[in-house]
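In what follows, a single structure is set out as structure tokens and then discussed.
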Amino acid sequence: MPESRPNTPSPRRVGVREFRGNLTSFLQQVQDGQRFVLTSHHKVVAEIGPPSSDVGARKPGALRGRIKIADDFDSLPADLLKAMEDGA
């Protein structure tokens with residue numbers, strides 16, 4: 001038995017030029033739940049709509065203490081440094 005989908009209207013097709021010219025208006029409509037398919041020369045190039053519910057706000061520092069930088073991060077091997085200087 002096919003899975004039932006919520007009754008959502010299909011996205012409105014809008015040309016990139018029109019979208020760019022009325023960006024503020026279109027973004028307000030996106031905030032209100034509208035979805036758009038952007039086209040360029042009658043080809044679909046993007047789809048824009050409200051974010052999915054699993055997108056959360058970014059939390060600065062959330063990875064603090066989890067990322068380690070190698071002690072030799074800023075040093076180059078002598079042969080690589082020489083090759084770069086010779087090519088300059």
Side-chain angles (χ1 to χ4, degrees):
M1 184 167 157
E3 204 174 304
S4 65
R5 302 175 98 195
N7 190 10
T8 57
S10 60
R12 182 175 151 210
R13 294 175 74 94
V14 177
V16 171
R17 187 175 291 168
E18 179 185 354
F19 187 81
R20 184 176 53 222
N22 299 296
L23 182 61
T24 304
S25 172
F26 282 114
L27 290 180
Q28 181 59 52
Q29 292 177 59
V30 168
Q31 284 183 323
D32 294 340
Q34 178 70 39
R35 298 189 68 77
F36 296 95
V37 171
L38 303 182
T39 61
S40 178
H41 303 286
H42 306 288
K43 291 183 180 178
V44 174
V45 294
E47 185 173 343
I48 185 170
S52 61
S53 59
D54 63 342
V55 175
R58 183 176 178 274
K59 296 176 185 156
L63 296 176
R64 183 173 288 135
R66 293 183 182 178
I67 298 175
K68 303 292 183 200
I69 297 176
D71 293 335
D72 64 348
F73 177 78
D74 288 327
S75 63
L76 285 175
D79 59 333
L80 180 58
L81 183 57
K82 183 173 178 3
M84 290 173 61
E85 288 174 344
D86 290 343

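Listed by chain and number, the residues in a ring pair (Phe, Tyr, Trp, His ring centres under 6.0 Å) with F19 are F26 (sequence neighbours excluded).
The two residues G33 and P50 have their closest heavy-atom pair at CA-CG, 3.7 Å. Nearest heavy atom pair, residue V30 against residue G49, reads CG1-C, 3.5 Å. Across all their heavy atoms, V16 and V45 have their closest contact at CG2-CG2, 3.8 Å. Between R58 and P60, the shortest heavy-atom distance links the atoms O-CD, 3.4 Å. Closest approach of Q29 to R12, counting heavy atoms only: OE1-NH1, 4.0 Å.
Atoms NE2 and CZ, from H42 and R13 in turn, are 9.5 Å apart once rounded to the nearest 0.5 Å. Distance check, rounded to the nearest 0.5 Å: CD of Q34 to CD of Q28 gives 12.0 Å.
For the salt bridge (charged side-chain N to carboxylate O under 4.0 Å, His left out) condition, the pairs that include at least one residue of residues 25-51, sequence neighbours left out, are R35-E47.
A continuous path of ILVMFWY side-chain contacts below 4.5 Å connects I48 to V14, so both sit in one hydrophobic cluster.
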